[in-house]
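All values below come from the heavy atoms of this structure, side chains included, with hydrogens, waters and symmetry mates left out.
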Amino acid sequence: MAERRYHGPRSGLLLTAFLVALAALLGAINGLGRFDQILYDRAISLTGRPAAQDVLLVAMDDQSIEALGRWPWPRVMHAALLDRLREARAVGLDIVFTEASPPGHRDDQLLAEAIRRHGRVVLPVVLDNLEAPVQASLPLQPLAQAAAGLGYINIELDNDGVVRRATWTRDVAGRRWDHFALAMLETGGEGARVEALRNRLPDSATTLIPYSGPPGHLRAVSYLSVLRGEVPPAMLRGKYVLVGAWATGIGDIYPAPVSHSASGMSGVEIMGNLLHSAREGLLLEYAAPWHTALASAIPVLLLCLALPRLSPRQAVVCSVALLALALAAALAALRWANLWLPPGAALLGVAVCYPLWSWRSQEAALRYMDGEMKRLRIEYPPVLDEAGPQGGRIGRSLDHYVGELDRTLSRVRNLRRFLADGLDGMPDATLVIDLAGRLQFRNRPAVLYFLHLSIRPPRVGQVVAPALEQAFSEQATRQVVHQALHAYGAAQANGDTAAQRISVEVRDRAGQDVLLRCAPIRNATGGYAGTVVTLSDITAIRQAERRRDETLRFISHDMRAPQNSILALVALNQHDHEGNGPPSEALTRIAHLAKRTLRLVDDFIQLTRAESMDIAHMTLDLADLVREAADEFWAAAQARNITLGVQVPAEPALANGDQTLIMRAISNLLDNAIKYSPDGSPVQVRVVAGADAWDIEIEDAGPGIAPDDQARLFEPFFRTGDAHRSSTVGSGLGLAFVRTVAQRHGGEVAVYSQPGSGARFVFSLPKALAEADYEDGARA
């Protein structure tokens, strides 16, 4: 079964694209609105500057109201104030003069004369409607004509009522009006600064107000103090003086980003901040939509690319770091680049990215765990009396998954314990090593084997080859062991996935015969994962084989020699008595028994070798073997007038096996058929193709075999009753030899007979596999 790998959430790319696009879209449409405004208010509060030294506010405060009376004051009082402000560079009267004085009063004329005497006074213009069509409310004509400059004083409020922005120029009925602050600069002789600022901004451009500090940050003096002459002229000399309402009830108070109290900031102080900003050329501009979109998308993209490679703790740290980085970048751009990049979209994208990605990753991980745990329950049934599966479906909560994971890990631990105990229960020394040759498992017989050879057993994690090679004293044997241990690693490096098991017989330093076997371990994808090495002590087996070989040599030589001597003596005595009548009956019987003994020895040796010898797997044509056997027995059949009929298929009847053993088995069956057939009868030999085997059928016309004898016919030394009465008594080992050969080749032999109706023996051998099938079978 193919190995499954965890690849994380498959929709990761789609989720990343969605989050990045969402952050870019929100950034392009001015971020998160109110949230970004709050962030801007906090940011502008952190970017304060020293108070302007050339801007002075003359405040009509509560003290002045108390001393001078209720508002409005006579305009002649303002005229007197202007006479006190002759040393000022420019004076801006932030007071609306749109209504004439009562009839019979000369206040307007006196004020106009004072404005004209001063020569550097700016009066306000009020734009009645900032949306088209815009209308301008000018001061009284005498005052407007006497003023050195006019500028509008309208203050723009955001949707939350906070003053954050200002428009420096506006077109009204085809005429351009400058802001009150620009009009004061131009009146103060700094027209070049005004022109430079106009060139930086398009018409009707709106910028953010760069407040220098909280309310009260600019220098201010009381209207009453100036009017009484309590303010020294040096304090006024060369200053831009703004005169405006400050007192409770008459002043225009507005919420400002830097005003953290409910009192807000007066309109005249807002004008002072604008005047200071314009004189310094400091303009806070909104970032272009594509700038904001890019700045919002980059942190989200970086986080989405980093999350699949980070641990949960690192992901949280990275998310927090990116949140802080987005805020720091916005603050840095505001402070040093005079550019406001709303960070709300970036913050939202980063804040949403982690939980969404965590949710998707958790869902993917839980689905993978669910599938793998179900697969484990199916592929590996419970062992060691562990609890069985708790149902087909795991609960949906995380606790259910954790519980099932705990049961799965218990099963894995049980499987490992089962493997360790199984290895310890094996009688042979067993080592499990990885492709690098390091030990992964060992059983107790392996430890005892190394201790028996006075070698320190290798520990888990150590390389096995040095310790194992010490077990053998001969250098050639060590080289063979080394090659066997590293065979599968070399096969893996060469891309060979069909390496076969290795079996090598060696002798260790203690003189024991050891069978070293190496079998590959493959993972779920078929690649090599390691090697199982077993060391089997076959000393007793080899000693038994040597004793068997000695016995066979004894039987073959020491029993054959006396029988051959007996036959030689019988032949010699029969030759000496050729002229004295027929041979002695005793000598004839002696010769018969000696020949029978020789056949018995020969059949016994052949049966023993068939049971123990290594089978040579050659591709043979059974039809050729049948023809060869028929030719060999043709003379014996002709001597008794027996007809041999041979029927073989036209195509080759291919089988894999040992030619000598198969040929002798066919000969034994054919010899028995001729031996037990009456003179002049036929013997049929056929090769018939079965589904997976070739059937060699040998049928005779003999006396048949009783049913009771058929059950024991292939046992060694068993002979039927007819065989005892026959003149050609066999050894009782021929059919046992045939059965042994058939079984050693994966086939079988059967007999079909009825008494008086002859017998049919069927000797079946598997068909030869095609080369590809043979390789697949060998790998399996």
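In this view, Q647 and Q684, R686 satisfy the side chain to side chain contact (heavy atoms under 4.5 Å, CB included) rule, not counting sequence neighbours. Partners of D428 according to the salt bridge (Lys or Arg N to Asp or Glu O under 4.0 Å) rule, which considers only residues two or more places apart in sequence or in another chain, are R517. Taking D537 as the reference, T539 meet the side-chain hydrogen bond (donor to acceptor under 3.5 Å, both in side chains) condition, with sequence neighbours excluded. Residues meeting the side-chain hydrogen bond (donor to acceptor under 3.5 Å, both in side chains) test with N641, sequence neighbours left out: none. Annotation: salt bridge (Lys or Arg N to Asp or Glu O under 4.0 Å) contacts of E469 (sequence neighbours excluded): none. With sequence neighbours excluded, the residues forming a salt bridge (Lys or Arg N to Asp or Glu O under 4.0 Å) with D679 are R640, listed by chain and number. For R438, the side-chain hydrogen bond (donor to acceptor under 3.5 Å, both in side chains) criterion is met by D434, not counting sequence neighbours. With sequence neighbours left out, the side chain to side chain contact (heavy atoms under 4.5 Å, CB included) criterion links E505 to L515, I538, R542. Taking the ring-ring contact (aromatic ring centres under 6.0 Å, His included) definition, one finds that H452 meets it with nothing, sequence neighbours left out. Scanning for side chain to side chain contact (heavy atoms under 4.5 Å, CB included) contacts around E651 gives P649, W694, with sequence neighbours left out. Judged as a side-chain hydrogen bond (donor to acceptor under 3.5 Å, both in side chains), and not counting sequence neighbours, T643 has no contacts. Taking D631 as the reference, nothing meets the salt bridge (Lys or Arg N to Asp or Glu O under 4.0 Å) condition, with sequence neighbours excluded.
Here L535 contributes atom CG and Y449 contributes atom OH; the two are 5.5 Å apart, rounded to the nearest 0.5 Å. With rounding to the nearest 0.5 angstrom, the CG atom of D621 is 11.5 Å from the CD atom of E628. For the atom pair CD (E699) and CZ (F761), the distance works out to 11.5 Å, reported to the nearest 0.5 Å. In this structure, CE in M663 is found 10.0 Å from OG1 in T660, a value given to the nearest 0.5 Å. Taking CD from Q479 and CD from E474, the interatomic distance works out to 13.5 Å, rounded to the nearest 0.5 Å. Between the CD atom of Q512 and the OG atom of S536 there is a distance of 12.0 Å, given to the nearest 0.5 Å.
Residues A471 and L453 share a closest heavy-atom pair of CB-CD1, 3.5 Å. Scanning both residues, V687 and A653, for their nearest heavy atoms gives CG1-CB, 3.9 Å. Closest of all the heavy-atom pairs between S667 and A629 is OG-CB, 4.3 Å. Of all heavy-atom pairs between I698 and L670, the closest is CD1-N, 3.9 Å. Of all the heavy atoms in S753 and G758, the pair that sits closest is OG-O, 2.7 Å. Taking each heavy atom of A429 and A446 in turn, the nearest pair found is CB-CA, 3.5 Å.
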Exercise. Before giving the answer on side-chain contact (heavy atoms from CB on, under 4.5 Å), spell out for Q659 and L620 the whole-Å C-alpha distance, their side-chain angles and the decisive distance to 0.1 Å.
Key: CA-CA 7 Å; Q659 180 177 353; L620 308 172; 3.8 Å; yes
Practice problem: Quick one: do F441 and V460 satisfy side-chain contact (heavy atoms from CB on, under 4.5 Å)? Show the steps, please. | Solution: CA-CA 6 Å; F441 292 99; V460 174; over 6 Å; no
Quiz item: Going through the distances and angles, do V685 and L669 end up as a side-chain contact (heavy atoms from CB on, under 4.5 Å)?
Solution: CA-CA 10 Å; V685 182; L669 293 175; over 6 Å; no
Quiz item: Are I455 and R509 close enough, and set up right, to give a side-chain contact (heavy atoms from CB on, under 4.5 Å), and what steps lead you there?
Solution: CA-CA 11 Å; I455 299 174; R509 58 194 293 180; 3.6 Å; yes
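Distance alone, capped at 3.5 Å, is enough to place a donor-acceptor pair between the D508 side chain and the A510 backbone. Looking at K767, its side chain never comes within 3.5 Å of a backbone N or O of A689 through a donor-acceptor pair. Looking at T531, its side chain never comes within 3.5 Å of a backbone N or O of I433 through a donor-acceptor pair. For the pair H482 (side chain) and R478 (backbone), a donor-acceptor distance under 3.5 Å is absent. Remark: the backbone N or O of D700 is not paired with any side-chain donor or acceptor of R760 at under 3.5 angstrom. In this structure, the side chain of H745 does not engage the main chain of A655 through any donor-acceptor pair within 3.5 Å.
Side-chain contact check for V447 versus R442: some heavy-atom pair is nearer than 4.5 Å. Taking 4.5 Å as the limit, some side-chain heavy atom of P457 sits within range of a side-chain heavy atom of L451. For the pair F763/D695, no side-chain contact is recorded, criterion being any heavy-atom separation below 4.5 Å from C-beta on. Between L431 and L439 there is a side-chain heavy-atom pair separated by less than 4.5 Å. Considering only heavy atoms from C-beta on, R744 stays 4.5 Å or farther from V741 through its side chain.
At most 12 non-hydrogen atoms from other residues, nucleotides or ligands lie less than 6.0 angstrom from CZ of R444. When the shell of 6.0 Å around CD of Q743 is examined, it contains more than 12 heavy atoms from other residues, nucleotides or ligands.
Between R507 and D513 there is a salt bridge, since at least one side-chain N of the basic residue sits less than 4.0 Å from a carboxylate O of the acidic one.
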